Amino acid sequence: MNAAEFSIKKPVIVWMIIILSLAGGLYAYFHIGRYEDPEFTIKEAKVITHYPGASAQEVEREVTDEVEMAVQQMGQVKRIESISKPG
């Protein structure tokens, strides 16, 4: 007896299997763990400072270098990029 013949001869059993599968799937969906994937944080920061009237060299010397040194003291810093522009 194949699946099609069984389905035609015993439709009540087939419908019960379908309903139980659907109910089991809905139960599993609503009771599945919500935190299966670990949370992660993107550790990236952008620091923008304004120094009106200063040249690029002054901005680098008085602001950028100071900020870079403070950031380098933090743990887990892999890379630092800086751009110093006038003002």
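For the numbers below, each heavy atom of this structure counts, side chains included, while hydrogens, waters and symmetry mates do not. Small disclaimer: the values here were computed from a predicted structure and weren't measured.
- Among all heavy-atom pairs drawn from V71 and V77, the shortest one is O-CG2, 3.5 Å.
- Apart from I19 itself, the hydrophobic cluster it occupies contains nothing, where clustering links Ile, Leu, Val, Met, Phe, Trp and Tyr at side-chain heavy-atom distances under 4.5 Å.
- Electrostatic pairing of K46 and E44 does not count as a salt bridge here, judged by no charged N lying under 4.0 Å from a carboxylate O.
- A single hydrophobic cluster is not seen to contain both V12 and I8; linkage of ILVMFWY side chains at heavy-atom distances under 4.5 Å, directly or through other members, places them apart.
- Checked against S84 for a side chain to side chain contact (heavy atoms under 4.5 Å, CB included), the options D65, V63, V59 give a single hit: V59.
- Linking Ile, Leu, Val, Met, Phe, Trp and Tyr residues whenever their side-chain heavy atoms come within less than 4.5 Å leaves M16 and V14 in two separate clusters.
- No side-chain donor-acceptor contact under 3.5 Å links Y51 and E58.
- To the nearest 0.5 Å, atom CG of residue L26 and atom NE2 of residue H31 are 11.0 Å apart.
- Its side chain outside the 4.5 Å cluster rule for every partner, L20 clusters with none of the Ile, Leu, Val, Met, Phe, Trp and Tyr residues.
- More than 12 heavy atoms of other residues, nucleotides or ligands sit less than 6.0 Å from atom CG of L22.
- Rounding to the nearest 0.5 angstrom, the gap separating the CZ atom in R61 from the OG atom in S55 is 7.0 Å.
- Here CD1 of I17 is found 11.5 Å from NZ of K10. Values are rounded to the nearest 0.5 Å.
- Note that CD1 of I83 and CD of E60 are 11.5 Å apart. Values are rounded to the nearest 0.5 Å.
- We find the CD-CE distance between Q73 and M69 to be 7.0 Å, quoted to the nearest 0.5 Å.
- Taken to the nearest 0.5 Å, the CD atom of E81 stands 10.5 Å off from the CD atom of E68.
- Using modelled atom types and a 3.5 Å distance limit, the side chains of S82 and T64 yield no donor-acceptor pair.
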